[in-house]
Protein chains: 4
Amino acid sequence: MVRREEVHDVPTKQVDAKAERALRRRAEILRAAVQLFQEDGYHSTTTHAVADRAGISVGLIYQYFGNKEDLLRAAIVDILGEFRDRIPVAMDEAGDDPEARLRSGFRTLVAVIDEKPEATVLSYRESMTLSREGRDELKKLEVETAEPFRRAIEDGIRSGAFRAVDADLVVHNLLLVAHGWALKHWRLSTWLDLDTYVQRELDLVLGAIRP
Amino acid sequence: MVRREEVHDVPTKQVDAKAERALRRRAEILRAAVQLFQEDGYHSTTTHAVADRAGISVGLIYQYFGNKEDLLRAAIVDILGEFRDRIPVAMDEAGDDPEARLRSGFRTLVAVIDEKPEATVLSYRESMTLSREGRDELKKLEVETAEPFRRAIEDGIRSGAFRAVDADLVVHNLLLVAHGWALKHWRLSTWLDLDTYVQRELDLVLGAIRP
Amino acid sequence: MVRREEVHDVPTKQVDAKAERALRRRAEILRAAVQLFQEDGYHSTTTHAVADRAGISVGLIYQYFGNKEDLLRAAIVDILGEFRDRIPVAMDEAGDDPEARLRSGFRTLVAVIDEKPEATVLSYRESMTLSREGRDELKKLEVETAEPFRRAIEDGIRSGAFRAVDADLVVHNLLLVAHGWALKHWRLSTWLDLDTYVQRELDLVLGAIRP
Amino acid sequence: MVRREEVHDVPTKQVDAKAERALRRRAEILRAAVQLFQEDGYHSTTTHAVADRAGISVGLIYQYFGNKEDLLRAAIVDILGEFRDRIPVAMDEAGDDPEARLRSGFRTLVAVIDEKPEATVLSYRESMTLSREGRDELKKLEVETAEPFRRAIEDGIRSGAFRAVDADLVVHNLLLVAHGWALKHWRLSTWLDLDTYVQRELDLVLGAIRP
DNA sequence: TATGAATGAGTATTCATTCAT
DNA sequence: TATGAATGAATACTCATTCAT
C-alpha cells in the first residue's frame, strides 16, 4: 500500500494544467475589467458587470483578486510591466547608436500604448484611486520605464550626439507625448495615424536635442 | 435690454447685493468641492463633505448646482475658462513676434496650472465621469485654449520664423507638457521650479521648430 | 438688522422638540431591533427587516446607530442599565433589613427580566458577537448590577442574619436563577408563574444562607 | 438481521476498518467545528475554516454532515449526550442515598462541562439557530439529563431526607448552576477552582433542601 | 434662503453549497 | 473517498437627492 501522502500525488502535468488554467482565468477577468473600466470608468463598473463580461460568477473574481481595487491595480501594473519589459529589448535590437535606441524605444512605447490604450488612460485616470502601496508600486514601475530612455540620452550627450539637455526632462516629455497618443486619441486620430505620430514626434524631440 | 435680475420689481441695489452674495456662495461651494475632489477624488467625496467644508448644509448645494456632477463640470470648466481668457491677453501683451507670443502664452498657461493644479488634474482624471454634454463643453474649451497657440505657430511658419511643422501637433505637445507640470508635479518638483520648467521646455519646443 | 448668527437662533422649545423626536426615533428603532433579534436571532435579522418593523428606511438606522452591532450593543446595554438603575431603588425602599433588601432586589430583577425577556436572552446569546469594547462595557454593567446584592449579603453576614457563606457565589447564583426565568421560560412557565418563581427561589436561596 | 454495512458484498473486516475511519473523520471534523464555533461564534465560522482546521477539504464536510447547521446540532448533541450517559452511571456508583447520588451526579455534570466548556456555551448561545427539529432534539436530551436528578430529589423527599420542595425547580437550579461554571467561567475562575465550586454549590443547594 | 432628517436605490463582498474530476 | 474551483443568493452599508419646516 502506498503511503497516505502519496495518495494525493498528482502527475506534474496535471498540476501545470491547473496552474495554467488559473492563469488564463485571471487574464480573462483582467481583460474584462480593463475593458469595462475604460468604457464606463472604474467607479461606474460593477463587479457583477466584470463577471458577466468575463463569463464567470462574481464570487470567482474574489478567488483571483483581493477586491475591486486590486483588479484596478493589476490592470495598471499589467501595462506598466509590459513597458518595462519590452522597451529595453527593442532598444537593444536597435544597436548602440543613442538616437537609434531612442527611436526604437519610443516607437515600441507608443506601439504598446496603441495596443492597450485603455490601460494607459486608466493609469492616468484612476491611479489616485489606489491605496498608498498601489501607487508606490506604480511609481516604481514608471521610474523603471523611464530609466532606459534616460540612459540613452545621457549616452548621447556624452558621445556628443545630443546637446547638454536636461535628460530627465526630455524623458518626461517623451513619456507624456507617448501617453498623449492614448489620452488625446479622439483628436489626434482625426489627422494622424500611429506611424506618422511616432515619426513626427521623434522629429520634434530629436530636432530639439541634436547639437 | 433689461438685465435679467431686474425683471422682478426690486431695487437694483438690493438685487445686486443679493446676486453678489449668491455668486460668493457659489464660489465658496465650488472651492470646497475642488479641494475635496483633489484630496480624495471625485467619487470618494460626498456632498455632505463638500457642505461641511463650505460651512453650509447639503441642501444648499442643490440651490446652486443641479447635482454632484454639475459641481464637477463647473470645477473643470472654471479652470479651462481661465485658460481661454488669460492666454490671449498674455499673448497680445507680448507683441507680434510669434516666438514671443508662444513664450508668453505658454508661460501663462503653466502659471495658471500652477495656481490650480488640482483643477487641471481633475480635468484629466474625471472628465470621463461627465455626461456627453459636459464632455463636449470641455472639448470646446480645450479647442478654444489651443487656438491662439495654433495661430501663433502658423504665423511663425508663414513668416519663416518656424519650420513647416505640424502646427496642431506642436500645440498638442505644448498643452501636454503644460499639463505635465500638474500631472507629474510630484516628480518634477524634485529638481525643477516653475520658471526653470517653463524655460527649459520652451527651449526644447522652440529648438525643435526653429529653422 | 440682527446679527447673522442670530438669524439661525431657534426657540429653545423647538430644539427640545427636535431632541425629543430624535430620542423617540432611536427608541423605536431599538425596540424593533430587539424584537427581531429575539424572534430570529441577531444574525438572521437583516437591517431591512429592522427598518420595516420600525416603519422607517434602512438609511435612517445609520443616523442613529453606527452599525448593526451597535444596535445589538445598545439593546443589551439598555436592559443591563435598567437592572443597575432599578435594583438599588427597590432595595432602598425595602429598608435596612438585609433579607428584606435581598428579597426586594431579586423580585425587581426578575420583574425587569420578565418585562424584557428578549433582551436578557440576547445578552446571553449574542454577547460574544460584540467587539472587545462592547463586551467590556457589558461586564462592567454586570458587575455594577451584582454589587448591591453583594453588599446586602455581606451586611447580613456581619449582622449575623446570614451564615458566613461565599457572598460572591450567592450573588452569582441569584443572577443565574433570575436570568433562568428568561432562559428557560418555555419550561418553567408550564408549572410556575412569575410570583411563585420568585417566592420559591427566594425560599431556596435564603434557606441556604440562614444560620 | 444483517447489519447495514454488510449489505454490499465486502468482507466485514474491511467494512469495519472503513466505518471506523469514517467515524474518526467525523469526530475530527466535529472537534474542529466545536473549537472554531467557540472561538469565533457559529456565524463567524466558515465551513472553509472548519475544513482547514480539520485538515481536509470543504467538500468532505458535506459527506459527513448534511450542512453547516447539522454540524452545530451534532456539536451540541454530542455534549448533551455525554451528560445523559455519564450522570446515571456516576449516581449509581454513589449508592442509594439520595444526597450522595445528587452530589455525585452534580460533580460529574460540572466535570463534563469543565472538560468541554465550549460545547456548553454553544448550547446556550446557538440553540435558537437550529431548526425546529434540532431544538426539539435538544430539549429532549435536556429533559433526559434532568431526569435522574429529579428522581433522586423525589426519593429524598419521600424518604424524609429532603424537605417537600419543588423538585423540578431544584433541578432547574442545579443545571443552571452547573452551566454557570462554563457561562461565567471568566469571573468565577478568579477566585474558585472546579472542586471548590462544586463543594460550595452543593452546600448551598443541599442546605436549602435539607429538613 | 437655508436646514438636515429622511429616503431607498445601488454595490462590493462573503460564504454555504455543489459537482466535475 | 476526496478535492477545490465555481456558483450566486444574500446583505450591510453608503450617499446623492428631496422636501417639510
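To find a chain, count down the sequence lines: A is the first, B the second, and so on, and within it residues start at 1. Below, each value reflects all heavy atoms present in this structure, side chains not excepted, and no hydrogens, waters or symmetry copies.
C/D52 places its CG atom 13 Å from the P atom of F/dT11, with the value rounded to the nearest Å. Rounded to whole Å, the distance from CG on D/L72 to P on E/dA16 is 13 Å. Here the P atom of nucleotide E/dA9 and the OH atom of C/Y62 are 16 Å apart, to the nearest Å. Put simply, CG on A/L71 is 16 Å from P on E/dT11, counting in whole angstrom units. In this structure, C/K18 atom NZ and E/dA6 atom C1' are separated by 13 Å, rounded to whole Å.
Here the nucleotide nearest the side chain of D/S57, chosen from F/dG4, F/dA16, E/dA16, is F/dG4. Distances were taken from every side-chain heavy atom of A/I56 (C-beta onward) to each of F/dT7, F/dA2, F/dG4; the shortest belongs to F/dT7. Closest approach to the A/R21 side chain among F/dA6, F/dA2, E/dA16 is made by F/dA6 (side chain taken as heavy atoms from C-beta onward). Set against F/dG4, F/dA12, F/dA9, the side chain of A/V58 has F/dA9 as its closest nucleotide. Closest to the side chain of C/T46, from the set F/dT7, F/dA12, E/dA6, is F/dA12. Taking only side-chain atoms of B/N67, from C-beta outward, the nucleotide of F/dT17, F/dT7, E/dA6 with the closest atom is F/dT17. If you check E/dT3, E/dA16, F/dC13 against the side chain of B/L60, the one that comes closest is E/dT3.
Across the strands present, F/dT17 finds its partner in E/dA6; the criterion is a Watson-Crick or G-U wobble pair with both atom distances under 3.5 angstrom.
Taking OG1 from C/T45 and CD from C/Q35, the interatomic distance works out to 10.5 Å, rounded to the nearest 0.5 Å. Distance CG/D/L138 to CG/D/L80: 5.0 Å, rounded to 0.5 Å. Taking CZ from C/R26 and CD1 from C/I61, the interatomic distance works out to 12.5 Å, rounded to the nearest 0.5 Å.
Taking for each of B/H48 and A/Q63 the nucleotide of DNA chain E with the nearest heavy atom, the 5'-most of the two is the partner of B/H48. Residues A/I61 and D/G55 both approach DNA chain F. Their nearest nucleotides, taken by heavy-atom distance, put D/G55 toward the 5′ side. Nearer the 5' end of DNA chain E, as judged by each residue's closest nucleotide, is the contact made by C/G59, out of A/K68 and C/G59.
Checking the phosphate oxygens (OP1, OP2) of F/dT11, no side-chain nitrogen or oxygen of C/T47 falls inside 4.0 Å. Distances shown here put a side-chain N or O of C/R25 below 4.0 Å from the OP1 or OP2 atom of E/dA6.
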Distance-only criterion, 3.5 Å: show the donor-acceptor pairs between side-chain atoms of residues 36-44 of chain C and protein atoms not counting sequence neighbours.
unit_1: C/E39; atom_1: OE1; unit_2: C/R53; atom_2: NH2; d: 3.1
unit_1: C/E39; atom_1: OE2; unit_2: C/R53; atom_2: NH1; d: 3.2
unit_1: C/Y42; atom_1: OH; unit_2: C/E69; atom_2: N; d: 3.2
unit_1: C/H43; atom_1: ND1; unit_2: D/H43; atom_2: ND1; d: 2.9
unit_1: C/S44; atom_1: OG; unit_2: C/D40; atom_2: O; d: 3.4

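Minimum heavy-atom separation, C/A22 to C/Y64: O-CE2, 3.4 Å. Across all their heavy atoms, D/A51 and D/S57 have their closest contact at CB-C, 3.7 Å.
Of all the residues in residues 27-45 of chain A, A/T45 reach under 4.0 Å from DNA chain E with at least one non-hydrogen atom.
The residue D/Y64 sits close only to the backbone: its heavy atoms come under 4.0 Å of sugar-phosphate atoms, none of a base.
Few gaps surround CZ on A/R24; more than 12 heavy atoms of other groups in view lie less than 6.0 Å from it.
In this structure, B/E28 pairs ionically with B/R25, as a charged nitrogen and a carboxylate oxygen lie closer than 4.0 Å.
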